[in-house]
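Inspection log for the structure reproduced underneath, given as structure tokens.
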Amino acid sequence: MMALDYSLLDVFAGAPFQGTQVPVVTLDAANSSDSSKTAIAGEFQQTETVFIEPGNSASPVTVFNSKGRQLFGAHTILAASYVAYEMGMTKDEGEFASFLLRQNEQWIESFIDKGDSRSPGAIQFARVLTPTIDRYTPEIPRLAAALNIDEKHISFSKYKPMVVSVDKPTLVVPFTKPEHVLAASLNADRWSDLFGGVYTSELFLFAPGSITGFTEFHGRLLNPSLPRDAFPPIGAVMPEFIAYLAEQGETAPGTHTLSIDRGSHETRKSILHAEFDKRPGKEVRCRIGGNVIKMGTGSLLYS
């Protein structure tokens, strides 16, 4: 019988039992195959599982779920950085520590407040975004019908729908209030009629306001494969959302800060903080961060 150590973290959590639950598993070379990681991730049955391999200098961190390898999202970057700090894999920068992750051809650097001697404090990571913007979107009445929502809850927003791609194309749809975001659901037949002209199945719905009382925006990720009342993590689409806000004509050049929550009144809630630098004709530089709470540790037994 052998054992794999893991930590269970609540990421972007304002309190215990909130945020996104992310397992982080420590692996040795004997268990580092993609098939092993896929099987282990399936055992946890979470949206993603982070794997850390201290002996793998080329690629010490990967992310998997039951379908295979996944891209890093904001929540998995924070989870990996938290455990890397605990394991002494980060670089001491004086008042904080840093950690480098590689995704495709881009480096992602995280910054970890040292906190107390036992665990890190707040974690933030930096990215440079080079988005692709597609202003063609379905007409508001057709989009509202596909989302089972009254047209006025979209058309009266000061923002407009837009397809933005940084890591993956996402249709960003603004609503007037968080309660309308919570009430939305995909009408499968009407959405299939729109799909060919949108070229993405990922939707990010957002509205000014908050369900926690602590943020400026509320957001929700939606796609045809999700159950009707699901509220999955939104960290993976934060680059697209930030690029969307930077693209708005009323967003002046300079540095902007924002906060956004995720979840429903009955489910776990996350709070994400971000800032970005808008410079005319240049890439968008952003920082995304939040709190991580360690909820437990354990061993996964196998033979």
Side-chain angles (χ1 to χ4, degrees), residues 5-26 41 44-52 61 63 65 70 72-87 90 96-97 99 101 108 110-127 178 181-182 204 206 209-221 226 229-239 241-242 257-275 286-298:
D5 294 332
Y6 69 87
S7 298
L8 192 61
L9 308 178
D10 284 353
V11 181
F12 292 118
F17 307 109
Q18 297 296 323
T20 299
Q21 202 171 64
V22 181
V24 183
V25 181
T26 304
F44 283 105
Q45 297 185 10
Q46 297 294 335
T47 306
E48 280 103 7
T49 296
V50 174
F51 294 91
I52 290 191
V61 181
V63 179
N65 63 18
Q70 304 294 308
F72 288 112
H75 49 292
T76 50
I77 293 172
L78 264 65
S81 300
Y82 185 103
V83 175
Y85 178 89
E86 286 191 323
M87 297 179 68
T90 56
F96 63 93
F99 187 57
L101 296 157
I108 302 171
S110 64
F111 307 96
I112 305 110
D113 289 343
K114 289 187 175 179
D116 58 35
S117 59
R118 294 169 294 175
S119 60
I123 303 173
Q124 184 181 74
F125 69 92
R127 285 192 65 179
V181 172
L182 294 172
F204 182 65
F206 81 96
S210 172
I211 64 167
T212 60
F214 301 108
T215 62
E216 300 159 277
F217 295 101
H218 173 70
R220 182 182 179 191
L221 187 63
L226 289 170
D229 295 322
F231 298 90
I234 61 173
V237 295
M238 280 301 96
F241 182 54
I242 290 169
T257 61
L258 66 114
S259 56
I260 183 168
D261 59 21
R262 183 271 325 179
S264 72
H265 297 295
E266 295 77 27
T267 64
R268 300 170 69 98
K269 302 168 185 65
S270 299
I271 298 177
L272 295 79
H273 300 277
E275 62 181 21
C286 72
R287 280 79 57 195
I288 303 171
N291 294 320
V292 178
I293 298 175
K294 190 172 187 177
M295 297 301 299
T297 59

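As a basis for the values below, the full set of heavy atoms in this structure was taken, side chains included, without hydrogen atoms, waters or symmetry mates.
One finds the CD1 atom of I123 at 8.5 Å from the CG atom of D113 (value rounded to the nearest 0.5 Å). Atom CZ of F231 is separated from atom CG of L221 by 11.5 Å, given to the nearest 0.5 angstrom. Expressed to the nearest 0.5 Å, how far OG1 of T26 lies from OH of Y6 amounts to 12.0 Å. The structure places CZ of R220 at 11.5 Å from CZ of F204, a figure rounded to the nearest 0.5 Å. We find the CZ-CD1 distance between F241 and I260 to be 4.5 Å, quoted to the nearest 0.5 Å. Residue I108 holds its CD1 atom at 4.0 Å from CD1 of I77, rounded to the nearest 0.5 Å.
Looking at heavy atoms from C-beta onward, Q18 lies out of side-chain contact with I293 at the 4.5 angstrom threshold. Counting heavy atoms from C-beta on, the side chains of V25 and F44 come closer than 4.5 Å.
What you find for G263 and H218 is that their closest heavy atoms are O-CE1, 3.2 Å. Taking each heavy atom of I52 and M87 in turn, the nearest pair found is CG2-SD, 4.1 Å. S270 approaches G19 most closely through the heavy-atom pair OG-CA, 3.3 Å. Heavy-atom minimum distance, V50 versus V61: CG1-CG1, 3.8 Å. Residue L272 comes nearest to G235 through the heavy atom pair CD2-CA, 4.1 Å, listed as atom of the first residue, atom of the second, then distance. Scanning all heavy atoms of the two residues, the minimum distance from F99 to T90 falls at CB-CG2, 3.9 Å.
Donor-acceptor pairing under 3.5 Å is recorded for the side chains of T215 and S210.
Of the possible polar contacts, one joining the K269 side chain to the T267 backbone as a donor-acceptor pair under 3.5 Å is found. Here the side chain of R262 pairs no donor or acceptor atom with the backbone of G219 at under 3.5 angstrom. No donor-acceptor pair under 3.5 Å is formed between the side chain of Q70 and the backbone N or O of V63. Remark: the backbone N or O of I211 is paired with a side-chain donor or acceptor of D261 at under 3.5 angstrom. No donor-acceptor pair closer than 3.5 Å links the side chain of Y82 to the backbone N or O of P120. Between the side chain of D10 and the main chain of P16, no donor-acceptor pair closer than 3.5 Å is present. One N or O on the side chain of S259 and one on the backbone of E216 form a donor-acceptor pair closer than 3.5 Å.
For the side chain to side chain contact (heavy atoms under 4.5 Å, CB included) with Q21, the qualifying choice from L8, T47, V11, L9 is L8, the only one to do so.
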Check your understanding: What's the verdict on side chain to side chain donor-acceptor pair (under 3.5 Å) for H75 and E48, showing C-alpha distance, side-chain angles and the deciding distance?
Key -> CA-CA 9 Å; H75 49 292; E48 280 103 7; 2.8 Å; yes

